[in-house]
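Reviewing the structure listed below.
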Protein chains: 2
Amino acid sequence: MARTAGSVGTKTFDEVRKAALQLFARHGYAAVSMRQIAAQVGVQAGAIYNHFPNKQALLADLLIGHMRNLIKACDEAGIQPASPQVELERFVRFHIRYHIDRADEVFIAYMELRNLEPDNFREVQTLRQRYERVLRDILRDGAKAGVFETSDAPVAGMAIIAMLTGVNTWFRYGGRLSVTQIEEIYVKMVMQSVGIFDPALREEENA
Amino acid sequence: MARTAGSVGTKTFDEVRKAALQLFARHGYAAVSMRQIAAQVGVQAGAIYNHFPNKQALLADLLIGHMRNLIKACDEAGIQPASPQVELERFVRFHIRYHIDRADEVFIAYMELRNLEPDNFREVQTLRQRYERVLRDILRDGAKAGVFETSDAPVAGMAIIAMLTGVNTWFRYGGRLSVTQIEEIYVKMVMQSVGIFDPALREEENA
DNA sequence: CAATTAAATGAACGTTCGTTTAATTATATG
DNA sequence: CATATAATTAAACGAACGTTCATTTAATTG
């Protein structure tokens, strides 16, 4: 199975990544063996080492990759500047929509942090802080402009992100509410939590 | 080291519990060995089996014990009925204060759920739902009475609990803010998130 | 069509795992 | 103080772990 030099996108590589993501999310990094991952791919354990140097690199690849994708998607979702209210609502909608469809990635990005070796841990932490700063800056700008009642932007930012990400703990497709309905509930709660009560001040941009 | 029949509160029992709690919180259930726990207690691995039948029972004991303590403390904190506003504020203050001082228990009660065998998992889930119902009922009553703008009490309840519990991910004693200051920020955000904007409608009961 | 090389196999490595067991130690009770 | 019994140790069990390696298989390249 020779392959053009420089090419890296083998089928097995992607399947190992996918299997590891599922299994790590379901059972936890430490509880999943390389043999389990290999079995899910339909391959022997040793074959994984043709694509990843070790188990740790597999975890690091998943977590760092997830954070980079998140930041890129976030940047693209909020390119054009707007008022703090509009930017906050845009952030809430982006965060919910993005996270609800990546339950496994979000789960391990939070749960398996402690299983990262120091270098990988630092990289993920840095990326996470960069994402958190997006919201914090929106809150700070809104507070400065007097449109938000936020007295402490860092704390409010952490509170809002925790609230939004929490949707992943209970949401399942096919449930009582659609993603759009959930989005509306969270938008309203978040906007009100920072002091925006008038729906007219909010932007409606349902997909 | 014989001991009165029926007595169960040995020193080692408690120390094993404490060591397991710390180690599970720090490294995760699957990543911690019985030998590590024993070493932290200053005992051999086999000695643990005089107090717990196996590793799983140790985890189940910690999680079920935590949930039972939480529910008992919550019941005691909200014994006297009051208005929805007062009850909600009381719940927020209780939740933050209780969780902030039990970081390890809260962490494993969420992270190690998947490592519980089915029977233990069901028990913890039942207890968790009983706790969540406390908040949900407050929100439902407030919405019925027209004092909360909550359109969906179950979702709002999950959102608020996620927001509050999230404080554990960043709070450390000796930081920029005191527990009381943090409590005030969260009380304000939560009350506003359900539509209560006037501070006069809120009860101030700082400890 | 050879030569090359990436990919996969299957067995093995040393280590660690949770748990068990026989023997020993220590404590409380009659 | 003697006895009963709970607690602990030290060693051992089989199983599973992450990883390595010689070898085989299969696809690409000149």
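Order of the sequence lines sets the chain letters (A, B, ...), proteins ahead of strands, with each chain counted from 1.
For residues 15-34 of chain B, proximity to DNA chain C is found at B:Val32, B:Ser33, B:Met34, defined as any non-hydrogen atom under 4.0 angstrom from a strand atom.
For B:Gln36, the listed nucleotide lying nearest its side chain is C:dC17; candidates were C:dT19, C:dC17, D:dT19. Ranking D:dT8, C:dG18, D:dT19 by closeness to the B:Tyr49 side chain, first place goes to C:dG18.
Each of A:Lys55, A:Arg68, A:Arg17 was compared with A:Asp61 under the salt bridge (charged side-chain N to carboxylate O under 4.0 Å, His left out) criterion, and only A:Arg17 meets it.
The CZ atom of B:Arg35 sits 13 Å away from the P atom of D:dA12 (whole-angstrom rounding). Atom CD1 of B:Ile48 is separated from atom P of C:dT20 by 13 Å (rounded to the nearest Å). Spacing between atom NZ of B:Lys11 and atom P of C:dT27 amounts to 11 Å, rounded to whole angstrom units. Nucleotide C:dA8 holds its P atom 12 Å from the CZ atom of A:Phe13, rounded to whole Å. Following rounding to the nearest Å, A:Gln56 (CD) and D:dC17 (P) show an atom-to-atom distance of 18 Å. Remark: P of D:dT20 and NZ of A:Lys55 are 15 Å apart, rounded to the nearest angstrom. Rounding to whole angstrom units, CZ of residue B:Phe52 and C1' of C:dG18 are separated by 16 Å.
The aromatic rings of A:His95 and A:His99 sit parallel to each other, their planes meeting at less than 30°, with 60° as the upper class boundary.
In B:Arg128, the CZ atom is crowded: over 12 heavy atoms of neighbouring residues, nucleotides or ligands sit closer than 6.0 Å.
At the phosphate of C:dA8, neither OP1 nor OP2 sits under 4.0 Å from any side-chain N or O atom of A:Gln44. Phosphate contact (OP1/OP2 of D:dA6, side-chain N/O of B:His51, threshold under 4.0 Å): absent. The shortest distance between the side-chain N/O atoms of B:Thr12 and the OP1/OP2 oxygens of D:dT8 is below 4.0 Å.
Judged by distance alone, the side chain of A:Tyr29 and the main-chain N or O of A:Gln56 form a donor-acceptor pair under 3.5 Å.
No donor-acceptor contact under 3.5 Å links the side chain of B:Asn50 to the base of D:dA6.
For the pair A:Arg102 and A:Tyr98, the cation sits on the ring face: its NZ or CZ lies under 6.0 Å from the ring centre, inside 45° of the axis.
Distance check: B:Leu127 CG to B:Asn69 CG gives 10.5 Å after rounding to the nearest 0.5 Å. The OG1 atom of B:Thr150 sits 6.5 Å away from the CE atom of A:Met189 when rounded to the nearest 0.5 Å.
Nearest-nucleotide mapping onto DNA chain D: of B:Ala47 and A:Ala45, the residue sitting toward the 5' end is B:Ala47.
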